[in-house]
Amino acid sequence: MSVDHATLLTDLKRRVKLLEDDLRERADEVPEMGEHLKAEYGHAREAERTAETFTAWREATLTQAAVAWVLGCVFVRFLEDNELIEEPLIAGAGTRGERAAHRREEHFRFEPNDSDNDYLRAVFRTVAVLPGMAKLYDETHNPLFTYGISGDAAKALLAFWRDVEEASGALIHDFADPEWNTRFLGDLYQDLSESARKRYALLQTPEFVEEFILERTLVPAIEEFGLEPVNEKGEREPIRLIDPTCGSGHFLLGAFELLLAR
């Protein structure tokens, strides 16, 4: 079963709204969180990174945190449904779902005072050990580690990923994909929050545009310099490039496929 992108986006937008409400409530009720938001706003004003009111800035920050919590789970779900990690951590089809539930139970057996907020963060730290995932779950920069959702909200988020269809018993959101196509992840980041999309100018480059640009930049470079160009020291080294959009990395994946073909 592959990802139903339209249904996934619709359902995740609802999740983001629920988490925004939860984070807003916690910002009002948890002194440490409220004080941290005010301090960060002060730093942003002092550095001239914002001219917004505190209320508007706080709302945008909490939206970003809500999106981070949702996407943090999506990345794990993609890995576990495609068996890119050995042990399922959040959910899974059939026995893998049972193993994920058992892992959560084991966590609370050793950490009885934890909530599902703590469990999900433990999941993210487990995945962050993988080299390809470390930067996604960088605790210094990923807002999900700074702005924690409530235990009840985290429990509902976990339950959402484990929802199954009544008739078939299959997961509603199954990320198994033999092609391992990840472009939908960039689309999710772009579309989960309209306010965040406008604020941060989130717009993923269409695949045909990406291919057009690579064919007119990387291909001529290979033809002129080869796959191992000579560097300033007169030594040959593998061709290198940067992502011209500083975006989701799909330019780099397209470049990889192009280079591999040659």
Side-chain angles (χ1 to χ4, degrees), residues 1-5 7-16 18-19 22-23 26 65-139 142-182 184-185 188 192:
M1 185 175 182
S2 59
V3 184
D4 182 336
H5 297 165
T7 302
L8 178 66
L9 177 60
T10 299
D11 289 350
L12 291 188
K13 280 184 174 181
R14 295 194 191 103
R15 285 289 124 194
V16 168
L18 290 170
L19 293 182
D22 180 76
L23 286 164
R26 285 177 58 76
V67 170
W69 274 97
V70 168
L71 285 179
C73 291
V74 170
F75 296 143
V76 176
R77 291 289 297 113
F78 185 87
L79 291 173
E80 57 192 356
D81 279 0
N82 290 289
E83 300 188 27
L84 295 169
I85 51 177
E86 185 174 351
E87 283 299 316
L89 303 168
I90 292 178
T95 58
R96 287 183 68 80
E98 295 169 8
R99 285 158 60 189
H102 177 70
R103 188 181 181 97
R104 175 180 174 274
E105 291 168 5
E106 284 293 292
H107 175 91
F108 288 118
R109 190 162 68 86
F110 289 102
E111 302 291 346
N113 296 320
D114 275 2
S115 71
D116 280 297
N117 173 319
D118 301 298
Y119 176 69
L120 278 176
R121 282 176 166 170
V123 165
F124 300 144
R125 290 185 178 109
T126 298
V127 173
V129 174
L130 299 172
M133 303 300 288
K135 293 296 183 181
L136 286 171
Y137 297 105
D138 179 354
E139 296 194 29
N142 193 319
L144 71 84
F145 290 105
T146 303
Y147 304 109
I149 57 178
S150 67
D152 287 343
K155 185 175 183 178
L157 185 57
L158 271 171
F160 165 78
W161 296 117
R162 295 172 179 174
D163 280 347
V164 297
E165 297 173 349
E166 288 188 17
S168 65
L171 283 172
I172 292 176
H173 297 297
D174 187 332
F175 291 83
D177 179 4
E179 300 297 322
W180 292 357
N181 190 328
T182 57
F184 80 95
L185 296 174
L188 277 181
L192 269 178

>> Show every side chain to side chain donor-acceptor pair (under 3.5 Å) that has at least one partner inside residues 146-164, sequence neighbours left out.
In response: Asp22-Ser150
> With side chains defined as the heavy atoms from C-beta onward, is the minimum distance between Asp114 and Tyr119 less than 4.5 Å?
Replying inline: no
> Looking at side-chain heavy atoms only, is the closest gap between Val127 and Phe75 below 4.5 Å?
Replying inline: no
> Can a salt bridge be assigned to the pair Arg121 and Asp118 using a cut-off of 4.0 Å between side-chain N and carboxylate O?
Replying inline: no
> Are the aromatic ring centres of Phe78 and Phe175 under 6.0 angstrom apart?
Replying inline: no
> Do any pairs count as a salt bridge (charged side-chain N to carboxylate O under 4.0 Å, His left out) and have a residue in residues 78-89, sequence neighbours left out, and if so which ones?
Replying inline: Arg77-Glu80, Arg77-Asp81, Glu87-Arg99
>> How close do Leu157 and Arg15 get, counting heavy atoms only, and between which atoms?
In response: CD1-CD, 4.0 Å
> How far apart are the C-alpha atoms of Leu9 and Lys13, what are their side-chain angles, what is the distance that settles it, and do they pass the side-chain contact (heavy atoms from CB on, under 4.5 Å) test?
Replying inline: CA-CA 6 Å; Leu9 177 60; Lys13 280 184 174 181; 4.0 Å; yes
> Do Arg103 and Glu106 sit within salt-bridge range, that is, some charged N less than 4.0 Å from a carboxylate O?
Replying inline: no
> How are the rings of His173 and Phe160 set relative to one another: parallel (under 30°), tilted (30 to 60°) or perpendicular (over 60°)?
Replying inline: tilted
>> According to salt bridge (charged side-chain N to carboxylate O under 4.0 Å, His left out), who are the partners of Glu111, at least two apart in sequence or on a separate chain?
In response: none
> Is Trp69 close to Leu120 at the side-chain level, that is, under 4.5 Å between some pair of heavy atoms?
Replying inline: yes
> Just checking, any donor-acceptor pair under 3.5 angstrom between side chains of Glu98 and Thr95?
Replying inline: no
> Should Leu79 and Met133 count as side-chain neighbours, where that means a heavy-atom distance under 4.5 Å?
Replying inline: yes
> Can you tell if the side chain of Ile172 reaches within under 4.5 Å of the side chain of Val164, non-hydrogen atoms only?
Replying inline: no
> Is any side-chain heavy atom of Arg104 closer than 4.5 Å to a side-chain heavy atom of Asp116?
Replying inline: yes
> Does the side chain of Cys73 come within less than 4.5 Å of Phe124's, by heavy atoms?
Replying inline: yes
